[in-house]
Amino acid sequence: MRVEELPVDERVKKVVLERGIEELYPPQAEALKSGVLKGRNLVLAIPTASGKTLVSEIVMVNKLLREGGKAVYLVPLKALAEEKYREFKEWEKLGLRVAATTGDYDSTDEWLGRYDIIVATAEKFDSLLRHGARWIDEVKLVVADEVHLIGSYDRGATLEMILTHMLGKAQILALSATVGNAEELAEWLDAALVMSDWRPVQLRKGIFHLGTLVWEDGKVERYPENWYSLVTDAVKRGKGALVFVNTRRSAEKEALALSKLVSGYLTKPEKRALERLASELEDNPTSEKLKRALKGGVAFHHAGLSRAERTLIEDAFREGLIKVITATPTLSAGVNLPSFRVIIRDTKRYSNFGWVDIPVLEIQQMMGRAGRPRYDKFGEAIIVARTEEPGKLMERYIRGRPEKLFSMLANEQAFRSQVLALITNFGVSSFRELISFLERTFYAHQRKDLSSLEYKAKEVVYFLIENEFVDLDLEDNFMPLPFGKRTSQLYIDPLTAKKFRDTFPAIERNPNPFGIFQLIASTPDMATLTARRREMEDYLDLAYELEGELYASIPYYEDSRFQGFLGQVKTAKVLLDWINEVPEARIYETYSIDPGDLYRILELADWLMYSLIELYRLFEPKAEVLQYLRDLHLRLRHGVREELLELVKLPNIGRKRARALYNAGFRSQEDIMRAKVKDLLEVEGIGIKVVEGLFRYFGVEMPGEIKGATKRSGRKKRGTLDAFLK
DNA sequence: GAGTGTACTTCAACCCCGCTGCGGA
DNA sequence: GGTTGAAGTACACTC
């Protein structure tokens with residue numbers, strides 16, 4: 001189908017044509033003929049990179065231009081929200097306004113009302129729904145990207161509930177990878193279904209075993225025995241490779257090993273560019289390894305890396321400077337990062353229940369990364385058989401069909417939160433109403449029988465009533481209580497909230513950081529570290545030493561909670577170090593964690609600390625305790641001791657600069673306001689830009705000579721992604 | 001004959017990912 | 001359940 005022939009607004013066609021697209025891919029054409037342009041719901045199940053985004057753009061923009069209202073585009077990852085935001089920005093030239101919102105930047109409501117296309121993570125949109133933002137009624141279209149995540153154990157329920165809420169109120173366009181039961185999903189959503197395996201870049205799949213590479217069609221190629229040869233072969237041909245492994249340690253090890261082999265194929269300028277790239281990285285044990293790997297044109301990629309490091313690597317790989325990335329599954333479902341060759345070293349992974357086969361769906365998503373549109377005529381995805389039998393792998397992952405999707409609504413933690421939200425934020429006022437809502441879910445559609453879910457719902461409701469999240473009136477109608485409503489808006493697990501509330505009296509008696517941090521670490525919303533075998537004794541000792549500060553009792557060795565408890569102690573200790581200004585590098589070393597892990601712990605602790613305070617405020621707080629908690633929250637956010645709290649409030653002053661200023665004798669905002677520019681510049685880490693920012697903050701004129709050299713105030717609009725990114 | 005280097009075998013420890021709140025001059 | 005680095009072992013070689 002030609003773009004010219006599309007039955008859409010002329011302006012839409014013009015923009016698409018300007019991109020150089022004149023002809024639509026067959027599945028795109030089929031999708032657009034399905035009635036989706038006339039308002040019909042659609043499930044589009046096609047491989048990644050076969051043009052789902054373009055379809056959704058055309059549908060969104062056409063609808064907005066013709067009918068007004070808003071479109072919401074849901075993604076599973078923050079990084080994807082940024083990626084889509086950048087892509088959709090192009091449509092602003094038609095007068096539409098595009099915004100992105102995730103937990104990272106900007107908060108709720110009203111400013112979003114000014115935008116037409118809103119990109120959000122599913123959880124963020126769920127949260128917006130709970131807060132009852134007024135503009136929600138104007139949403140005419142919901143695009144759910146990666147909708148197969150409805151089958152994810154911990155996050156699937158959120159997506160399912162959002163779609164249940166919006167079903168009937170807005171048009172729904174669900175984008176999915178190929179799954180086993182797309183029909184079922186389409187039936188539930190009362191949607192047309194378009195399925196296809198068509199790809200713009202052909203994909204060849206094969207199994208490698210001891211030097212023999214067998215392609216799907218039976219063709220055989222010979223290589224040296226070690227699978228490394230698959231990588232070097234790709235590089236030799238001027239292409240890149242993406243290697244998937246199942247542990248961080250393996251990613252790092254293979255990167256270093258491959259680096260030695262690949263470095264021989266690099267040109268002099270490439271080597272220089274890579275050196276430059278490596279020098280941009282900060283110094284910590286993991287970065288050191290990364291730097292070594294980079295010198296050979298190879299990088300590893302996993303969640304231990306900071307976001308900046310990840311982006312740096314992704315960009316350099318896209319440019320072709322980095323030839324090979326070894327990655328854990330962070331990359332399989334993340335941002336768009338294709339490669340000529342994809343090599344899958346592992347097909348099993350460790351879970352709580354021991355080793356399990358990685359689902360077909362996931363392996364196929366990894367394989368789908370092979371082949372770069374515009375550069376490659378075809379892509380190659382190769383699974384390495386090491387311990388598994390090659391034949392079995394061929395059957396399961398290459399010829400086999402992906403799994404069916406199953407509703408995860410019944411997952412207890414998720415269900416608890418969702419039931420609470422229905423009662424406190426969505427006006428569900430009786431058990432009967434609750435059930436009738438649940439009848440519209442994918443769970444009900446799929447299982448037909450609601451009795452076991454009903455039983456669970458009953459248990460949850462009892463729990464909520466018993467713990468005063470909700471009350472019953474004389475006619476047995478639900479009455480939301482402030483505690484319940486706030487819990488739901490804070491987006492925390494009711495169990496976390498209960499735990500907090502139960503601990504308030506103890507906190508009032510003896511407020512202290514260690515106790516509070518252990519409490520936070522013990523909630524189901526926190527991702528705690530695990531204590532390694534040889535660390536266990538140390539943390540147990542620490543717990544006994546500080547027993548008086550804990551709000552929980554120390555479990556016995558035989559107790560099933562023992563392991564978890566030590567992990568919580570370890571996490572609390574990390575947080576304690578953080579607020580006592582232990583340098584990051586030392587924290588990484590002491591606890592053998594990576595920057596990404598620390599960032600994650602701090603982010604979670606920050607959010608939970610805020611929630612703790614907000615809930616405490618509901619229960620006749622003592623002023624001095626409240627102040628104590630607020631100060632602790634600030635210390636946690638900035639990673640400083642108490643005496644620096646005043647300084648870190650200043651713009652561009654973090655824990656390092658604040659400490660430097662303090663040690664140089666500038667101990668209050670007053671001191672700084674009165675200081676001479678020259679003296680401030682003497683302080684380590686303080687440059688002219690920082691000083692300029694300080695002066696602007698105080699509303700003081702800069703002395704003349706300096707002012708001229710540093711003018712520029714790129715005031716960005718608040719709440720947009722631009723502001724966040726810069 | 002003790003010390004050192006090296007190649008090899010055992011052995012226990014460790015094991016992917018991600019989202020959510022809110023408000024400041 | 002399988003990989004990995006570290007500890008342990010055996011053995012040859014050097015001074």
Side-chain angles (χ1 to χ4, degrees), chain A residues 74-81 101-109 111 120-131 146 149 152-159 244-254 257 301-304 327-334 345-359 362 366 386-388 414 417 421 486-493 496 524-527 530-536 592 596-597 600 603-615 633-634 637 648-651 669 693-694 696-699 718-719:
Chain A
L74 301 175
V75 292
L77 301 172
K78 292 179 191 173
L80 280 175
T101 174
T102 72
D104 264 0
Y105 52 95
D106 184 67
S107 61
T108 44
D109 306 358
W111 74 269
T121 52
E123 285 80 3
K124 181 65 186 190
F125 187 64
D126 188 22
S127 164
L128 288 166
L129 287 174
R130 292 183 189 191
H131 282 267
E146 316 272 351
L149 280 162
S152 122
Y153 177 78
D154 47 348
R155 294 179 62 199
T158 314
L159 198 51
F244 284 104
V245 297
N246 65 1
T247 66
R248 290 185 189 182
R249 196 147 68 147
S250 292
E252 294 178 9
K253 190 209 126 204
E254 302 295 21
H301 188 291
H302 58 58
T328 58
T330 11
L331 269 188
S332 68
R345 195 200 75 168
D346 303 311
T347 54
K348 284 177 183 294
R349 106 178 112 220
Y350 192 81
S351 76
N352 294 333
F353 323 104
W355 283 79
V356 292
D357 285 324
I358 295 174
E362 247 177 86
M366 295 180 198
R386 296 191 301 166
T387 54
E388 293 284 295
S417 300
R486 202 70 191 102
T487 298
S488 169
Q489 289 186 328
L490 289 166
Y491 218 80
I492 57 177
D493 188 323
T496 300
D525 284 309
M526 186 74 185
T530 44
R532 285 176 176 60
R533 188 67 56 94
R534 57 180 120 75
E535 299 172 328
M536 290 173 75
S592 40
D597 304 313
R600 176 121 194 82
E603 185 185 35
L604 284 164
D606 183 20
W607 163 52
L608 289 168
M609 188 72 208
Y610 175 83
S611 301
L612 175 89
I613 293 169
E614 283 299 295
L615 291 178
H633 184 207
L634 275 179
R637 172 164 297 181
V648 289
K649 284 184 187 145
L650 296 169
Q669 298 202 2
L694 290 173
R696 200 179 328 125
Y697 174 80
F698 290 130
R718 176 181 176 274

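Here is the naming used below: chain letters follow the sequence lines, and residue numbers restart at 1 for every chain.
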Problem set entry | A:Glu603 CD to B:dC19 C1', straight-line distance once rounded to whole Å | 9 Å

Exercise. Watson-Crick or G-U wobble partner for B:dG23, using a 3.5 Å limit on both distances?
Worked result: none

Exercise. What is the distance, rounded to the nearest whole Å, between atom CG of A:Asp126 and atom C1' of B:dG21?
Worked result: 13 Å

Problem set entry | Heavy-atom pair with the smallest gap, counting every atom of A:Ala122 and A:Leu159 | CB-CD1, 4.1 Å

Problem set entry | For atom CG of A:Leu74 and atom P of B:dC19, their distance in whole Å | 14 Å

For this session: Consider the side chain of A:Arg532, meaning its heavy atoms from C-beta on, and name the nucleotide among B:dG21, B:dC15, B:dC16 that approaches it most closely.
Result: B:dC15

Exercise. What distance separates A:Ser332 OG from A:Ile358 CD1, expressed to the nearest 0.5 Å?
Worked result: 8.5 Å

Problem set entry | A:Asp606, nearest nucleotide to its side chain (from B:dC19, B:dG21, B:dC16) | B:dG21

Exercise. Between B:dC14 atom P and A:Met536 atom CE, what is the distance in whole Å?
Worked result: 10 Å

Exercise. Under 4.0 angstrom, heavy atoms only, what part of the nucleic acid is A:Pro76 near: base, sugar-phosphate, or nothing?
Worked result: sugar-phosphate

Problem set entry | 5′-ward residue of the pair A:Ser611/A:His301 relative to DNA chain B | A:His301

Problem set entry | Spacing between A:Lys78 atom NZ and B:dG21 atom C1', to the nearest angstrom | 11 Å

Seminar exercise, completed: Here the gap from A:Leu490 atom CG to A:Tyr610 atom OH, rounded to the nearest 0.5 Å, amounts to 6.5 Å

Seminar exercise, completed: Between the OG1 atom in A:Thr102 and the NZ atom in A:Lys78, the distance rounded to the nearest 0.5 Å is 5.5 Å

For this session: Provide, to the nearest angstrom, the distance between the OH atom belonging to A:Tyr610 and the C1' atom belonging to B:dC22.
Result: 5 Å

Exercise. Given B:dC19, is OP1 or OP2 found less than 4.0 Å from the side-chain N or O atoms of A:Thr121?
Worked result: no

Exercise. When we call it a touch if two heavy atoms are under 4.0 Å apart, what does A:Arg486 touch: a base, just sugar-phosphate, or nothing?
Worked result: sugar-phosphate

Seminar exercise, completed: When rounded to the nearest 0.5 Å, the distance separating NZ of A:Lys124 from CG of A:Leu128 is 5.5 Å

For this session: Scan A:Gln489 against the nucleic acid and name what it touches under 4.0 Å (heavy atoms): base, sugar-phosphate only, or nothing.
Result: sugar-phosphate

Every protein N/O lying under 3.5 Å from an N/O of nucleotides 2-5 of chain C:
| residue | atom | partner | partner atom | Å |
| --- | --- | --- | --- | --- |
| C:dT4 | OP1 | A:Lys253 | NZ | 3.3 |
| C:dT4 | OP1 | A:Arg345 | NH1 | 3.4 |
| C:dT4 | OP2 | A:Lys253 | NZ | 3.3 |

Exercise. Base, sugar-phosphate, or nothing for A:Tyr697, non-hydrogen atoms under 4.0 angstrom?
Worked result: nothing

Problem set entry | Under 3.5 Å: donor-acceptor pair, side chain of A:Arg155, backbone of A:Leu149 | no

Problem set entry | Interatomic distance, A:Tyr491 OH vs B:dC19 P [rounded to whole Å] | 12 Å

Exercise. Does the side chain of A:Asp126 pick up a donor-acceptor pair with the side chain of A:Tyr491 at under 3.5 Å?
Worked result: yes

Exercise. Ring of A:Tyr350 versus six-membered ring of B:dC15: centres under 5.5 Å and planes under 30°?
Worked result: yes

For this session: Ignoring backbone atoms, establish whether A:His131 has a side-chain N or O less than 4.0 Å from OP1 or OP2 of B:dC22.
Result: yes

Exercise. Does atom OH of A:Tyr153 have more than 12 heavy-atom neighbours from other groups under 6.0 Å away?
Worked result: no

Exercise. Is it true that A:Glu252 and A:Arg249 make a salt bridge, defined as a side-chain N closer than 4.0 Å to a carboxylate O?
Worked result: no

For this session: Please state whether the phosphate of B:dC17, meaning OP1 or OP2, lies under 4.0 angstrom from any side-chain nitrogen or oxygen of A:Arg248.
Result: yes

Exercise. Which part of the nucleic acid, if any, lies within reach of A:Ile492 when heavy atoms closer than 4.0 Å are counted: base, sugar-phosphate only, or nothing?
Worked result: nothing

Exercise. When all nucleic acid strands are considered with a 4.0 Å heavy-atom cut-off, which category describes A:His633: base, sugar-phosphate, or nothing?
Worked result: base

Exercise. Touch check for A:Arg533, heavy atoms < 4.0 angstrom, all strands: base, sugar-phosphate only, or nothing?
Worked result: sugar-phosphate

Problem set entry | Contact nearer the 5' end of DNA chain B, comparing A:Glu362 with A:Glu123 | A:Glu362

Exercise. Nearest to the side chain of A:Ala303, which nucleotide is it out of B:dC17, B:dT20, B:dC16?
Worked result: B:dC17

Exercise. How close or far is atom P of B:dG21 from atom CG of A:Leu129, stated in whole angstroms?
Worked result: 12 Å

Problem set entry | Identity of whatever pairs with C:dA12 - Watson-Crick or G-U, under 3.5 angstrom | B:dT4

Seminar exercise, completed: Using Watson-Crick geometry (N1-N3 plus N6-O4 or O6-N4) or G-U wobble (N1-O2, O6-N3), each under 3.5 Å, C:dT3 is paired with B:dA13

